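The structure appears right after this line, and notes come after that.
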Amino acid sequence: MISPPVNEQELLARANLIAGYTLGEVASYLNITVPADLKRDKGWVGNLLETYLGAKAGSKPEQDFAHLGIELKTIPVDAKGHPLETTFICVAPLMANHGVTWDSSHVKYKLQKVLWIPVEGERTIRVAERRVGSAILWSPDSEQENILKQDWQELMDMIVLGQIEKVTARQGEVLQIRPKAANGQALTEAIGEDGNIILTRPRGFYLRKQFTADILHNYVRSKMTSSGS
DNA sequence: TCTTGATCATGT
DNA sequence: ACATGATCAAGA
């Protein structure tokens, strides 16, 4: 097992080491078997890079590197570096939301500092041959946070007001709510139309692809302008 | 073609 | 059931 990085610098240095390598090469280094596809191993890439970078294993509701205040997110991208999928953030709380604000929300907590690692994700490329890209350490700027906060508030208002069944993935400019469960049979409690308790499918918060695309793109621009060439 | 809604694996 | 890690795949 690889020990956790002691500081941000060490984490970034580790991430830089695997940029350009294939998942097969990283897996081989860790003595981990590469699946033929991700149909039954949807979290495999994320878990692989967590292991390599020394993130703590387990399913605790914390950042991957809580001692550094950093969350790790792998993001599948196409040949142009554009995201192929939305990004799951956390489960949407449907009950006991009294007094919860944006500042105390799980969404803000998870997104305050994220290490994005793009990985080739096109299904035409064998999993073992997919390459790891350059990591991007990101925190939302004021404009991004304002949009996130607005979306979060709109969606949470509906949940609190018993409108969860009316929430669809079409709502939210950059933040959306979609089902998040093992299957269609999973149920959890929520507030119903009349303020009563109902059972509904568990939901999660996700970032739209365009939002993460902007994060990756803007990073490249700022890097170019700051390096002065 | 692309997004929404559905689903898979694992640990607590 | 819910948290972690996400991608799949049906239908618009």
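All chains are named by letter (A, B, ...) in the order of the sequence lines, taking the proteins before the strands, and each is independently numbered beginning at 1. Everything numeric here is computed off the predicted structure, so don't read it as measured data.
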Review point. According to a strict under-4.0 Å criterion, is R40(A) in side-chain N/O contact with OP1 or OP2 of dC8(C)?
Key: no
Practice item. For D41(A), answer base if it contacts any base atom (sugar-phosphate contacts may also be present), sugar-phosphate if it contacts only those atoms, and nothing otherwise; contact means non-hydrogen atoms under 4.0 Å. Key: nothing
Check your understanding: Shortest non-hydrogen contact from Q171(A) to R208(A)?
Key -> O-NH2, 3.1 Å
**Study point:** Heavy atoms from other residues, nucleotides or ligands near NZ of K108(A) exceed 12 (cutoff 6.0 Å)
**Key:** yes
Practice item. Could you check whether G46(A) gets within reach of a base, just the sugar-phosphate, or nothing at all, counting any heavy atom under 4.0 Å? Key: sugar-phosphate
Point to revise | Side chain of E85(A) - closest among dT7(C), dA6(C), dA1(C) | key: dT7(C)
Review point. Is the closest basic N to carboxylate O distance between E85(A) and K73(A) below 4.0 Å?
Key: no
Point to revise | Side-chain N,O (K110(A)) to OP1/OP2 (dT4(C)) below 4.0 Å | key: yes
Check your understanding: With sugar-phosphate meaning primed atoms plus P, OP1 and OP2, does A181(A) contact a base, only sugar-phosphate, or nothing at under 4.0 Å between heavy atoms?
Key -> base
Review point. Considering heavy-atom distances to DNA chain B, does T86(A) or Q185(A) have its closest nucleotide positioned more toward the 5' end?
Key: T86(A)
Point to revise | Integer-rounded Å distance: dA3(C) P and R203(A) CZ | key: 15 Å
Exercise for review: Mind calculating the distance between CD (E71(A)) and P (dT4(C)) to the nearest angstrom?
Suggested key: 8 Å
Review point. Rounded to the Å, how far apart are R170(A) CZ and dG11(C) P?
Key: 14 Å
Practice item. Nearest-nucleotide wise, let me know which of P61(A) and P76(A) is further upstream toward the 5' end of DNA chain C. Key: P61(A)
Exercise for review: Under 4.0 Å between any heavy atoms, over every strand shown, what does P179(A) touch: base, sugar-phosphate, or nothing? Just pick one.
Suggested key: base
**Study point:** Whole-Å distance separating the CZ atom of R130(A) from the C1' atom of dA6(C)
**Key:** 13 Å
Review point. Quick one: is dA6(C) close enough that its OP1 or OP2 comes under 4.0 Å of any side-chain N or O from T87(A)?
Key: no
Revision key, fill the gap. Whole-Å distance, F88(A) CZ to dG5(C) P, equals 8 Å
Review point. Got a second to check how far F205(A)'s CZ is from K180(A)'s NZ, nearest 0.5 Å?
Key: 14.0 Å
**Study point:** Atom pair distance, as rounded to whole Å: CD1 in I89(A) and C1' in dT4(C)
**Key:** 15 Å
Check your understanding: Does one side chain, of R178(A) or T86(A), offer a donor that lies under 3.5 Å from an acceptor on the other?
Key -> yes
Exercise for review: Check the distance between dG5(C)'s P and Y206(A)'s OH and give it to me in whole angstrom.
Suggested key: 12 Å
Practice item. Please state how far atom CZ in F205(A) lies from atom C1' in dA3(C), giving the value in whole angstrom units. Key: 16 Å
Check your understanding: For L23(A), which of I32(A), I18(A), V45(A) qualifies under side-chain contact (heavy atoms from CB on, under 4.5 Å)?
Key -> V45(A)
Check your understanding: DNA chain B: K42(A) or K209(A), which has the more 5' nearest nucleotide?
Key -> K209(A)
Review point. Cut-off 3.5 Å, side chains only: do Q150(A) and W102(A) have a donor facing an acceptor?
Key: no
Exercise for review: Identify whether M158(A) and L175(A) are in the same connected component of the hydrophobic contact network (ILVMFWY, side-chain heavy atoms under 4.5 Å).
Suggested key: yes
**Study point:** Shortest side-chain distance from T188(A), nucleotide among dA9(C), dA1(C), dT4(C)
**Key:** dA1(C)
Practice item. Would you indicate what L187(A) reaches in the nucleic acid, counting non-hydrogen atoms under 4.0 angstrom: base, sugar-phosphate, or nothing? Key: sugar-phosphate
Exercise for review: Would you grab the first and last nucleotide of DNA chain B (5' to 3') that comes under 4.0 Å of any non-hydrogen atom in chain A?
Suggested key: dT3(B) to dT12(B)
